[in-house]
Every structure is written in structure tokens, then in C-alpha cells.
Protein chains: 2
Amino acid sequence: MKRPTIADVAQRAGVSKGAVSYALNGQPGVSEATRQRILAIATEIGFSRSSAARALSAATAGAIGLALCRPARTLGVEPFFMALISGVEAELSSRSYALTLQVVADPDAEIAVYRRWWGERRVDGVLVCDLRTDDSRIPALEQLQLPAVVIGGPGGTGELASLWSDDAAALTETVEYLVALGHRRIARVAGLPDLRHTEIRTEAFAAVCRRLGLVDAVTVWSDYTGEEGGRATRRLLSSANRPTAVVYDNDVMAIAGLSVAQEMGLTVPGDLSIVAWDDSPLCRLVHPPLTALGRDIPAYGAHAARQLLAVVAGQPAGRVQDETPHLTPRGSTAPPRVR
Amino acid sequence: MKRPTIADVAQRAGVSKGAVSYALNGQPGVSEATRQRILAIATEIGFSRSSAARALSAATAGAIGLALCRPARTLGVEPFFMALISGVEAELSSRSYALTLQVVADPDAEIAVYRRWWGERRVDGVLVCDLRTDDSRIPALEQLQLPAVVIGGPGGTGELASLWSDDAAALTETVEYLVALGHRRIARVAGLPDLRHTEIRTEAFAAVCRRLGLVDAVTVWSDYTGEEGGRATRRLLSSANRPTAVVYDNDVMAIAGLSVAQEMGLTVPGDLSIVAWDDSPLCRLVHPPLTALGRDIPAYGAHAARQLLAVVAGQPAGRVQDETPHLTPRGSTAPPRVR
DNA sequence: CTGAAAGCGCTTACAG
DNA sequence: CTGAAAGCGCTTACAG
């Protein structure tokens, strides 16, 4: 099947290629009647502009890039990324932008991808995930002047645009809720320590525990996998002065923690309260369903995409705050049973 | 930062743009010494070819497309797609191909996306997921002559290339295993009925149950969500002659089923054995860990990508069989407790 | 082995 | 409001 070109449309319409281009782009230069006729013909013969030709002459790729830097096994299990991507996608496709995805092994590889994308003019901008402490990707992107929106912060995003949510407030609210239930020994199973949001949560956790006088507050580090989350839980629950509540940095670890508690003969929430971060459907899959900190992830992705498109269009890079995660209490939290 | 072009490289090397192009493409037309010098200069000044210019002149997009047709909520929870994508990605990026992703609402929207991608020359080929019974995407792709590999089958893939795994054999093995344990009342919670692989599994289930004389074998339909999977399980377990074993079409429904069983006071595996399809890390997250039918999904994705690239390169469309899912027995299956 | 030139399909000043 | 033409950055026959 031969692909129709702009010349085919022009010929059919009896106008020049330039006129067709103006009509397609909604620019002045053609009368409204002509524009309508041209558009009708384009639709009729199933014409779509070559993205390559368009990119070459208009110097716009019509695509944005997302590089995911996590090992394949973590990527698969956490619903977070798919939810984010579906939101990004919804926003992009409504504006006829494509999403180019790449899985990378580490931040250096990710920088190399950005450099290549920039050189190839393959994307108009990128969405940056998993902001780290002292993140080498930030200066690299600034140097390339590749439009970018960092999903993360606040802080550590340099001159780049960013979209962040107030994890500190969410964590503080959670601890206050647990304390209100009567908990005094609260532990936290954190994600990777070099991620910026882990750091933010860790600081907030320390601050609220200090303020509320929780001396036994302990944070243990993990890597978001169920395996590690389970192991960390086993360690916490085996300690002499075991916690009566644990807050997990993602849902997968929380589910693993629940299963470890049950395996050790503890009742949830009687002996142990559990709170998960990221309220995916997984939290409602288990018994008891997990109390979780959640927010609308697809909306977050859509928001980031919209912001990136604005930056691509030349608007100044801003630091935008998204919805704060809110706590949905379910069956996994209750007052601690006296022992 | 100004992006270097092929002309910059040519000038630095003191050769023509054509020579640089030949050197970059590994084609004859330049001496080995010149080629090395050109490549060194290209690396030195950080040159990458414009994907747009390349696509326009070489008529190759350097990208393949993947349209995902599932509601956002299902997409997020099932680890299957992320695992598949990571495998696809690994194969593509090793060959410098990009992956263009799009989430669509239904098959018609998906066909529209294919048509647009084709018109825009945005992708060189597509990977087709979730093959349906009498799938309208197949004739549409055949008509467009857009290179494609259908992930699914056997059967129903028209003249297109396809990659399939023998789900019938896997399900048969599973039922035989359960019968060997002593189960006689086996139920199956199936995925969406119009998916080709659901149909294949349903037929295989009916066949093996007939062969082994299991008169109480029952299949109930669901939609892959935990919610529906849980509901289906509740229905099954409330029936007078409730099954002693249930096979689920994905891991999410199996986990929901486990939780429903526990909530109804049944012991797994004592009162009920559970088998999950798709052996993701989720299966090892719960207690007891789930016996599951699994295979290497990233490898499956990589295999499909490799096959698509071959089709794009002009090789004939074949029907390739991938690894058959194998059963990994864990704590959720045992001989039925006599009652 | 190398160079000059046409062409891929658009966009966009520039004249009319 | 419209047309003719240059140009985006490559690839690829075609001469030398």
C-alpha cells in the first residue's frame, strides 16, 4: 500500500504543498473554506504526515522520552510505573505525541541514552524518574539543554522543571494516626537509601518521632522487592522490643511483611499494624486489606506530561506541587493489643 | 548546545558527507583506515545521526511500536506487561531500535493507532498483544502491510508472524498434577473469554477433565482483576459441592482467591489447593507461596522483538513456538484433606 | 576508494 | 490568500 504524501493531498485539492501544510497546522495562509476542503481530502485518502519529514523540517520530534532505571524484576512487580506510564500516555496521545520508552541499567547508561536521544533529535523532552541524592543526571540534562521534568523533589532538581508531592506531610500524618491509635513502637521499612524521596521520608519520620517522643522509632533499609521487605520485617519482628506498627515504602514490601507476620504467628492488626505506601489494587488483594498511603498515579503522570509539553513549548521551568498522598485506613491497622 | 551533524564530522575528517555515511553504516565505499578515523571523530564530538533525517532518507523509522489495549487499572497490577516490555527493550536497544508505546482503549482505537503509525512512518513494525478470537486487528495489519509479530496463538494470526507458547500442554500438565495429588473437583477461574489464549486453555481444560473423568470440572469467567477473581472464588467456594482445587488464569486473581479462601475460614492447601498462571514475584509474596505456571517473560519479549526485527528485515513471517510454561509447586497445593 | 548531487516529505520565510 | 523554492540532515545511486 502506497502511503499518501502531502503532494497527493495538494494535487487532489488543486493547491500547493505549502497550502496543505498551513491547513494541517492550523496556520493562517489559507481560507477557511480551502482549509476544510484540504482536511476533508486528507482524511478521505487516509493521509498522516510523515513524522520523520516533520521532525526534520520543523525540528520537533513529536515524541517524549522516558528512561526507566530499575532492574527488570523490580520494574515488573511494582504497579507504580505502569500506572504512571498510562497517565503520561493518556496526556501525550491526546496531543498526538508519542512516548519513547527505554529501560536502562544505571544512571550512567541513562545519561548516555539522553545524550543519544538529544543527538538523534529523537525526543523533544524527557521525564526523569527516581530522583537521587546528588543526582548526576541533573547537570547532564542541564548541559544538554534537553527539556525535562523531574518527577521528584522538592530539592535536588537544579534548574530543571519538577513535579513533586509532599511525602513528608503524608508520612507525618501516618505516624500521627498510628500514635493516635496507641502505637509507641513504630518502625519503617524504607526503599533504596540513595533515592531522594527515601531521604525526605526518612527525615520526616525522624522529625515526627522526635516530636512525639517515640524513642523506639527505627528505620531499616530495603530495595523495594518483596524478598528484602520480608527479610527486613522478619528482623524487626524478631527483635526483643519489636514494633507494634510498621510503615513500608511501597506496597510490595508491605504485602511481603504481612505474609511474614502471619508466618510468624502474629495477627494483623492485633499484634502488628501495617501501612503501605502506594495504594495499588494489590493492597486490597490480601487479607486483611492494607491501610495505605495513596494518590492518583495516572493523574500524576498526566500532570508531568502536561508540564513537560509546556517546557518543550518554551515556558519557564517551574516547580509544581502535585496532590499530597492521603491515608486510606483499612483492615491492617488498629490499636495495639496490650501484651 | 549545537548538535553536530554529519557535515561537521565530514569537515573535521576532511571527507565528503557521503563518506561519513558509508563509514557509519559499515558499508563499502571507504577504506578501513578512513572509516576508523571517521568513527573516532564522530565519537569525539558526540555525534549521533538525526533519527528524523535517517528515517526520511532511508525509509526506516528505527523504532517499533507496542499498543497496549487494557484498562489502566488492569495494566498496572499485572506484572506481565512490564516484564514483557523489559525483555523487548533489552533486545531493541542492543540493536539501537527505540520502543514506541501507546495505551489504547479498545481494538478499534488500536487499529487507528496502527494506521496512523503506518501513515506517519513512525514505526517499522509492531508487536501485537492479547490476541482475540476473530481478531479484527489481524486483517487490518495485513492490509496495511505493516510488519508485525503477534504474541499469541496458535491459530487466528492470519498471514502474520507469530510467537506462541503451548498453554494447552501447560494446563493439561497442571490438571494431571492435581489429579495425581488426589483432587477430583477442580475449578478454573478464567480470564477474559474473548482472548484467544483463554479459549485455548478452556478447550484444553475441558479435554483433560473429560479424559480423566472429572465430571465436576467447572470454568468461571473473570477479567483478570483481583476484585473479579475474588468474587469468582467466593462463588465457587459457596457452592454445595465446592472444588478442592482452583486454577487461576493469572497471579493477581490467584492471590485474591487465596485471600477469599482464608477469609472464609478455609485452609490453603488443606481445604483448597491454588495454582496461579504467570509466576511473578507476587506468587512468593503471599503465605503460603503459590504454586504457579511460569516461564521467562522477558525472554519471551526479547524473542518477539528479535522475530519482529527479522520480519522488518524482510524475512518470511513464521510461526515460532516459545518455551512451554512449567509448573513450580509451592505451598499452595497439596492432597485434599478428606472431609 | 571518493565526491557531487538528487531526493526523502515536510515546513517556512519570501514574493506575488 | 496563494505559489515557488530553499532547507532540515541524512542516504544512495552515479560518475570519476
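All values derive from a computational prediction rather than experimental measurement. Each chain gets a letter, A, B and so on, in the order the sequences are listed, and its residues count up from 1.
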Colleague: Ignoring backbone atoms, test whether B/R54 places a side-chain nitrogen or oxygen under 4.0 Å from the OP1 or OP2 oxygen of D/dG9.
Modeller: no
Colleague: Using a heavy-atom cut-off of under 4.0 Å over every strand shown, decide if A/V20 touches base, sugar-phosphate, or nothing.
Modeller: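 Nothing: the residue A/V20, judged by heavy atoms under 4.0 Å, touches no strand.
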Colleague: Can a donor-acceptor pair be found, under 3.5 Å and without considering hydrogens, that links the side chain of A/R137 to the backbone of A/C129?
Modeller: yes
Colleague: Rounded to whole angstrom units, what separation is found between the CG atom of A/N25 and the C1' atom of D/dT2?
Modeller: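 Those two atoms, CG and C1', are 16 Å apart.
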Colleague: Rounded to the nearest Å, what distance is computed from the CD1 atom of residue B/I38 to the C1' atom of nucleotide C/dC1?
Modeller: 11 Å
Colleague: Nearest to the B/V30 side chain among C/dT2, C/dG9, D/dT11, which nucleotide is it?
Modeller: C/dT2
Colleague: Round to a whole Å and report the spacing from CZ of B/R121 to C1' of C/dG7.
Modeller: 14 Å
Colleague: Using whole Å, report how far CD of A/Q11 lies from P of C/dG9.
Modeller: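 The answer, rounded to whole Å, is 14 Å.
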Colleague: Any side-chain N or O of A/S57 less than 4.0 Å from the OP1 or OP2 oxygen of C/dT11?
Modeller: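 A/S57 to C/dT11 OP1/OP2: no side-chain N or O under 4.0 Å.
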Colleague: Using the side-chain heavy atoms of B/A58, tell me which of these nucleotides is nearest: C/dC10, D/dT2, D/dT11.
Modeller: D/dT11
Colleague: Judged by each residue's nearest nucleotide on DNA chain C, which is more toward the 5′ side, B/S16 or B/G119?
Modeller: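 So the residue in question is B/S16.
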Colleague: Ignoring the backbone of B/I6, work out which of C/dA13, D/dT11, C/dG9 is nearest its side chain.
Modeller: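 So the nucleotide nearest the side chain must be D/dT11.
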Colleague: Grab the CG-C1' distance between A/D124 and D/dC8 for me, whole Å please.
Modeller: 15 Å
Colleague: Should C/dA13 form a Watson-Crick or G-U wobble pair with both distances under 3.5 Å, which nucleotide is its partner?
Modeller: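 None - no nucleotide pairs with C/dA13, as no candidate has both distances under 3.5 Å.
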Colleague: Calculate the interatomic distance between A/K17 atom NZ and C/dG7 atom C1'; express it in whole Å.
Modeller: 11 Å
Colleague: Is there a side-chain contact between B/R49 and the phosphate of D/dT11, meaning an N or O under 4.0 Å from OP1 or OP2?
Modeller: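 So the side-chain polar atoms of B/R49 do come within 4.0 Å of the phosphate oxygens OP1 or OP2 of D/dT11, strictly under.
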Colleague: At less than 4.0 Å, is any side-chain N or O atom of A/T34 found next to OP1 or OP2 of D/dT2? Yes or no.
Modeller: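 So the side chain of A/T34 is within the cut-off, an N or O lying under 4.0 Å from OP1 or OP2 of D/dT2.
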Colleague: Tell me if a side-chain donor or acceptor on B/N25 pairs with a main-chain N or O of B/Q27 at a distance below 3.5 Å.
Modeller: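 No; zero donor-acceptor contacts below 3.5 Å.
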Colleague: Between C/dG3, C/dT11, D/dC8, spot the one nearest the side chain of A/S21, thanks.
Modeller: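 Comparing C/dG3, C/dT11, D/dC8 against the side chain of A/S21, the answer is C/dT11.
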Colleague: Rounded to the Å, how far apart are B/Q27 CD and D/dC10 C1'?
Modeller: 13 Å
Colleague: Only one of B/L131, B/L66, B/V128, B/L84 forms a side-chain contact (heavy atoms from CB on, under 4.5 Å) with B/I151, so which one is it?
Modeller: B/L84
Colleague: Starting the side chain at C-beta, find the nucleotide from D/dC10, D/dT2, C/dT11 nearest to B/A53.
Modeller: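 Per side-chain heavy atoms of B/A53, the pick is D/dC10.
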Colleague: Nearest whole angstrom, please: distance from the P of C/dG9 to the CD1 of A/I45.
Modeller: 13 Å
Colleague: For B/D8 and B/R3, work out which heavy atoms get closest and say how close.
Modeller: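 For B/D8 versus B/R3, the nearest heavy atoms are OD2-O, 4.1 Å.
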Colleague: Tell me the closest heavy-atom pair linking A/V311 and A/A161, and the distance in Å.
Modeller: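 In this case the closest contact between A/V311 and A/A161 is CG2-CB, 3.8 Å.
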